[in-house]
Amino acid sequence: MKKTLLLTPGPTPVPEDVLEALSRPMIHHRHAPFKAILAEVSKDLKYLFQTENDVLIFSASGTGAMEGAVSNLLCRGDKAIVVEGGKFGERWREICEAYGVEVISVPAVWGKAVDPARVKEALERTPEAKAVFLQASETSTAVRHPVREVAELVAARPNTVIVVDAITGLGVFDIPTDAWKLDVVVTGSQKALMLPPGLAFASVSEKAWKMIAASDLPKFYFDFAKERKNQAKHQTAYTSSVSLIVGLQAALKRIKEEGLPALFARTEKLARATREGVKALGLELLAPEAPSPACTAVKVPDGVDGEKIPSLIRDKYGVAVAGGQAELKGKIFRLSHMGYVSGYDVISGLVALESTLRDLGYAVKPGASVAAALAVLSEA
Ligand SMILES: Cc1ncc(COP(=O)(O)O)c(C=O)c1O
């Protein structure tokens with residue numbers, strides 16, 4: 001028998017009640033029963049995003065909402081500041097460049113959070129920059145960026161918006177959209193929302209809507225204004241991903257029942273348990289100073305073939321983890337703890353990791369990671 005525990009930073013495990021909702025018989029996306037679901041989901045998304053702004057829903061992976069943010073907000077030749085501290089920061093730059101937007105890059109060392117002072121300097125050097133793009137959680141390095149501090153810099157500027165990729169941030173840790181004055185916040189379904197991939201979301205502030213009204217970049221499917229008009233009537237502009245939205249209703253119900261403060265506290269505890277567990281094996285974190293509560297990036301120890309870790313742990317021990325991307329390929333592996341993950345899942349992942357590392361010639365004291373993780377998990 002083969003059973004796999006999914007500890008990848010997206011897709012993440014889908015709870016049983018959400019799976020049941022996903023498998024219900026098809027209904028029509030323009031009929032009243034579906035409109036009622038969309039109305040409920042729209043309200044609950046505002047709870048998740050902590051906003052009174054519209055939260056738009058698209059049938060796409062998260063990158064669709066990222067692309068939509070660029071193509072709806074900006075004009076050809078505009079300047080935008082992009083925080084680049086990993087693969088997804090690079091994606092903001094690539095999307096901007098694809099649309100003819102001039103990028104002012106604020107680099108961060110991979111594994112470190114951006115220093116808000118660097119963003120401040122970029123804003124002072126380029127006061128005409130129309131937007132600042134960054135990640136709340138840079139999944140490729142497992143770093144959490146200081147969104148609140150960057151948002152404060154942007155809020156003071158009437159003609160600049162902040163756009164946050166919260167694809168592995170929302171529902172993971174506190175990102176109060178309205179309280180922090182975040183203009184566009186995007187996320188995707190396959191992370192803390194505990195759904196299969198396929199839905200992308202974007203919340204849009206009044207300041208952002210004003211900028212959208214002046215945007216001249218080409219757009220069609222990801223047309224925020226068109227989508228807003230339709231969603232006011234509890235419709236999506238084009239055929240809705242009916243099953244995913246029915247699943248979303250169930251997932252948001254779970255999130256509301258747990259409550260955001262409890263959800264954030266649980267995820268943080270799982271993250272800490274994972275970090276303490278791997279450290280007890282003598283392993284080093286890639287991002288010890290600003291670790292994301294979504295996933296933990298662990299450096300591959302000397303003498304171990306890092307590229308073998310994800311396949312061996314999956315095929316032999318039934319735990320799916322992620323390797324490193326781009327320049328971190330073979331150098332790190334990543335364990336997720338967002339969404340439908342329990343303390344016992346973290347423990348199982350660590351046990352499998354111990355066995356995998358031992359197979360690859362790294363000496364571990366059996367159970368050391370489990371003891372360290374349990375010490376965190378049993379804290380009141
Ligand atoms: C922080 C971040 N941004 C963007 C993306 C891209 O999202 P998608 O693969 O859903 O398009 C991901 C996916 O892992 C992510 O973690």
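In each ligand, atom 1 is the first atom listed, and ligand 1 is the first ligand listed. Throughout, residue positions are numbered sequentially from 1 according to the sequence presented. Remember, predicted model here, so these are calculated numbers, not experimental data.
- Aromatic pair Phe224/Phe58: ring centres closer than 6.0 Å.
- The backbone of Ser137, and not its side chain, has at least one atom closer than 4.0 Å to an atom of ligand 1 (non-hydrogen atoms only; backbone = N, CA, C, O).
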Original post:
Given Val14 and Met194, is the side chain to side chain contact (heavy atoms under 4.5 Å, CB included) satisfied, shown in steps?
Top reply: CA-CA 5 Å; Val14 179; Met194 306 173 285; 5.7 Å; no
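- Only the side chain of Asp165 comes within contact range of ligand 1, with a heavy atom under 4.0 Å; no backbone atom does.
- Ranking protein heavy atoms by distance to atom 16 (O) of ligand 1, first place goes to Thr139 OG1, 2.5 Å.
- Of all protein heavy atoms, the one closest to atom 14 (O) of ligand 1 is Lys191 NZ, 2.6 Å.
- For the residue pair Glu16/Tyr340, the side-chain donor-acceptor check at 3.5 Å is satisfied.
- Inspection of the Tyr238 and Lys226 side chains reveals an N or O donor paired with an N or O acceptor under 3.5 Å.
- The closest side-chain donor-acceptor pair between Gln325 and Ser140, if any, does not fall under 3.5 angstrom.
- Of the protein's heavy atoms, Thr63 OG1, 3.7 Å lies nearest to atom 7 (O) of ligand 1.
- From Gln190, atom CD reaches atom CD1 of Ile167 across 7.5 Å, with rounding to the nearest 0.5 Å.
- Checking Ser215 against Lys219 by side-chain atom types alone, a donor-acceptor pair falls below 3.5 Å.
- Across Met66, Glu67, Arg91, heavy-atom proximity to atom 6 (C) of ligand 1 is greatest for Arg91.
- Shown in contact with Thr168 at under 4.0 Å from a heavy atom are these atoms of ligand 1, numbered in order with element: 16 (O).
- For the residue pair Thr177 / Thr51, no side-chain donor-acceptor distance below 3.5 Å is found, with atom types taken as modelled.
- In this structure, the protein non-hydrogen atom closest to atom 12 (C) of ligand 1 is Phe88 CE2, 3.3 Å.
- Protein heavy atom nearest atom 9 (O) of ligand 1, with residue, atom name and distance: Gln190 NE2, 4.0 Å.
- Ligand 1 has a nitrogen or oxygen under 3.5 angstrom from a nitrogen or oxygen of Gly62.
- Atoms of ligand 1 lying under 4.0 Å from any heavy atom of Ser61, numbered from 1 in the order shown and given with element: 8 (P), 10 (O), 11 (O).
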